[in-house]
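Working notes, structure below.
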Amino acid sequence: MAARDLTIGIVELVGGECLERCLAAVSTMEADCVVTQRATSPFTTELQSRFPNVQFMVHSKKSVPERRGDIVKASQSPYVALIEDTTIPAPGWARAAVEKLQNHGAVSGPVSIDPKLGARFIALACSEFHRFVPNAARNTEYPWFAGNHFAARRSDMSELVLAESRLIETDLIERLRDAGDTIYFGEECSGEYIAEDHKNAASASRFHHGRLYAGRQKLPLLRRWRLALRCLLLPLVLSYRASTAVPTLSLSKKLRVLIWIFWFETAWSSGECSGYLFGESNAACHWN
């Protein structure tokens, strides 16, 4: 695999040690690498000296979807991977991604959750990635991919970025489905969630994510009202789904995780209801 076949873009959410660990993993792969950060710091200078072949960009006032878009614009490779610094990709991730992208529209893989994280952060990971925890029975062609680590053709990403100056994974998934493309989902493209992401493990963040999810859907008014009413039951449904992803923990820690899950899913459901009733508004601005 030639290095320029794939550009891996790392989106800083947490920074610090998490970004360093993610960079260390990606630096062993045969790919170009771009990092988009919220702000520079003395640690950034240290990382630049340790990883001289990595391009660092700073976008202090841009949301995560906008920073993803900037990575796509900066890439010259036929394929682009987007990985959040909360996640460590498996060894060989890049090589497997390029191989599978020959026959698929996008690639991703299971998300394992570090059980040593605090209960609040395990709950966030379960809420975000319950569909993607390791499952031996899952088919390798899957209808979704995990938003914390995935790769696709730059041409598909670029058209979405040109249209909206940002990249949201659900838009890419919808585009691939409309084109009849498949998504490869395999262990060789797996990732481990390792971060205590304080900014996103907050009720306000979950609310805005829920509002963005619902507000972007183009639905008739009556359908929106029906879905808004359904949101009254949504916390229970979403909490049950997320609870299936809880890793093996002590009983007391598991109970704390479940309480946090219900709190986060209640916030999401409130945001989703708001999105159906009042639209997206500026919810994406809070995703950073």
Consider only side-chain N and O atoms of His59 and Thr36, and report whether a donor and an acceptor are under 3.5 Å apart. yes
Which atoms form the tightest heavy-atom contact between Ala202 and Lys199, and what is the distance? CB-O, 3.7 Å
Checking the side chain of His149 only, and the main-chain atoms of Gly109 only, is there a donor and an acceptor separated by less than 3.5 Å? yes
Under 3.5 Å, is there a donor-acceptor pair between the side chain of Lys73 and the main chain of Ser165? no
Between Asn200 and Ser205, does the side-chain hydrogen bond (donor to acceptor under 3.5 Å, both in side chains) criterion hold? Intermediate values first, please. CA-CA 5 Å; Asn200 286 297; Ser205 174; 3.2 Å; yes
Minimum-distance pair of heavy atoms, taken over all atoms of Leu117 and Ile122: O-CD1, 3.3 Å
So Phe129 and Phe132, would you call those rings parallel, tilted or perpendicular, with 30° and 60° as cut-offs? tilted
Where do Asp32 and Ser75 land on the side chain to side chain contact (heavy atoms under 4.5 Å, CB included) test, with the steps shown first? CA-CA 9 Å; Asp32 295 331; Ser75 171; over 6 Å; no
Is there a donor-acceptor pair under 3.5 Å between the side chain of Glu12 and the backbone N or O of Arg38? yes
Arg153 and Glu159 ion-paired at < 4.0 Å: no
Taking all non-hydrogen atoms of both residues, which atom of Pro143 and which atom of Ile183 are closest, and how far apart? O-CD1, 3.7 Å
Carefully, step by step, assess Leu227 and Leu219 under the rule side chain to side chain contact (heavy atoms under 4.5 Å, CB included). CA-CA 10 Å; Leu227 289 172; Leu219 300 169; 3.5 Å; yes
Under a 4.0 Å N-O cut-off, is there an ion pair linking Glu188 with Arg95? no
Determine the interplanar angle of the Phe145 and Phe150 rings, folded into 0 to 90°, and report it as parallel if under 30°, tilted if 30 to 60°, perpendicular if over 60°. parallel
Return yes if some donor-acceptor pair links the side-chain N/O of Asp85 with the main-chain N/O of Cys18 below 3.5 Å, else return no. no
Nearest non-hydrogen partners of Glu84 and Leu13, listed with the distance: OE1-CD1, 3.3 Å
Give the intermediate values and the outcome of side chain to side chain contact (heavy atoms under 4.5 Å, CB included) for residues Leu23 and Val54. CA-CA 9 Å; Leu23 263 172; Val54 175; 3.9 Å; yes
Would you say Ile88 ends up clustered with Ile113 if hydrophobic residues are merged whenever their side chains have heavy atoms under 4.5 Å apart, either directly or through other cluster members? no
Does any N or O in the side chain of Arg256 come within less than 3.5 Å of the main-chain N or O of Gly118, such that one atom is a donor and the other an acceptor? no
For a side chain to side chain contact (heavy atoms under 4.5 Å, CB included) with Thr266, tell me which candidate from Phe262, Trp263, Phe264 qualifies. Phe262
Interatomic distance, OG1@Thr87 vs CG@Asp114, rounded to 0.5 Å, equals 11.5 Å
Working note: Cys231 + Tyr276, criterion side chain to side chain contact (heavy atoms under 4.5 Å, CB included); need CA distance, chi angles, decisive distance, verdict. CA-CA 10 Å; Cys231 290; Tyr276 289 131; 4.0 Å; yes
Atom CZ of residue position Arg241 - does it have more than 12 heavy atoms of other residues, nucleotides or ligands inside 6.0 Å? no
With a 3.5 Å distance limit and no angle check, can you tell me whether Glu66 reaches the backbone of Ser63 through a side-chain donor-acceptor pair? yes
As an exercise, state the distance from CG of Leu277 to CZ of Arg224, rounded to the nearest 0.5 Å. 9.0 Å
Is it true that Lys116 and Glu196 have a side-chain N and a carboxylate O under 4.0 angstrom from each other? no
Do Thr86 and Asp197 meet the criterion of a side-chain donor-acceptor pair at a distance under 3.5 Å? no
Among the clusters formed by ILVMFWY side chains lying less than 4.5 Å apart, do Val26 and Phe56 turn up in the same one? yes
Tell me whether Glu17 at atom CD has more than 12 heavy atoms from other residues, nucleotides or ligands lying less than 6.0 Å away. no
Would you indicate whether Arg177, at its atom CZ, is surrounded by more than 12 heavy atoms from other residues, nucleotides or ligands within a distance under 6.0 Å? yes
With a 4.5 Å limit on heavy-atom distance, are the side chains of Val35 and Leu19 in contact? yes
Check against salt bridge (Lys or Arg N to Asp or Glu O under 4.0 Å), Arg230 and Glu272: CA-CA 10 Å; Arg230 188 200 64 170; Glu272 187 171 333; 3.0 Å; yes
Is the backbone N or O of Val98 less than 3.5 Å from a side-chain atom of Gln102, with the two atoms forming a donor-acceptor pair by type? yes
If you count every heavy atom of other residues, nucleotides or ligands that lies below 6.0 Å from Lys254 atom NZ, does the total exceed 12? no
Within the structure provided, determine whether Asp156 and Arg175 are in side-chain contact (heavy-atom separation under 4.5 Å). yes
What verdict does the salt bridge (Lys or Arg N to Asp or Glu O under 4.0 Å) test give for Glu164 and Arg216, after you've listed the backbone C-alpha separation in whole Å, the side-chain angles of each residue and the deciding distance to 0.1 Å? CA-CA 12 Å; Glu164 295 196 15; Arg216 290 182 58 75; 3.4 Å; yes
What closest approach, in Å, do Leu82 and Ile71 show between heavy atoms, and which atom pair accounts for it? CD2-CG2, 3.8 Å
Decide if atom OH of Tyr240 counts as having more than 12 heavy atoms of other residues, nucleotides or ligands within a radius under 6.0 Å. no
Can you hop from Phe278 to Trp225 via hydrophobic side chains spaced under 4.5 Å? yes
Value for CD1 (Ile261) from OG (Ser243), rounded to nearest 0.5 Å, stands at 6.0 Å
Worked verdict on Glu265 versus Arg206 for salt bridge (Lys or Arg N to Asp or Glu O under 4.0 Å): CA-CA 8 Å; Glu265 299 300 11; Arg206 304 312 300 155; 5.4 Å; no
Would a 4.5 Å heavy-atom cut-off, applied to side chains only, mark Ile83 and Cys22 as touching? yes
Those residues at least two apart in sequence (or on a different chain) that pass ring-ring contact (aromatic ring centres under 6.0 Å, His included) with Tyr213 are Trp268
Would Trp260 end up clustered with Leu249 when hydrophobic side chains under 4.5 Å apart are linked, directly or stepwise? yes
Find out if a path of hydrophobic residues (ILVMFWY) with successive side-chain heavy-atom gaps under 4.5 Å connects Leu234 to Leu212. no
If you count heavy atoms of other groups shown closer than 6.0 angstrom to CZ of Arg223, is the number above 12? no
Could you pull out the closest heavy-atom pair between Ser108 and Cys189, with the gap in Å? O-CB, 3.4 Å
Under-4.0 Å salt bridge between Arg166 and Glu280: yes
Do the ring planes of Tyr184 and His104 sit parallel (below 30°), tilted (30 to 60°) or perpendicular (above 60°)? tilted
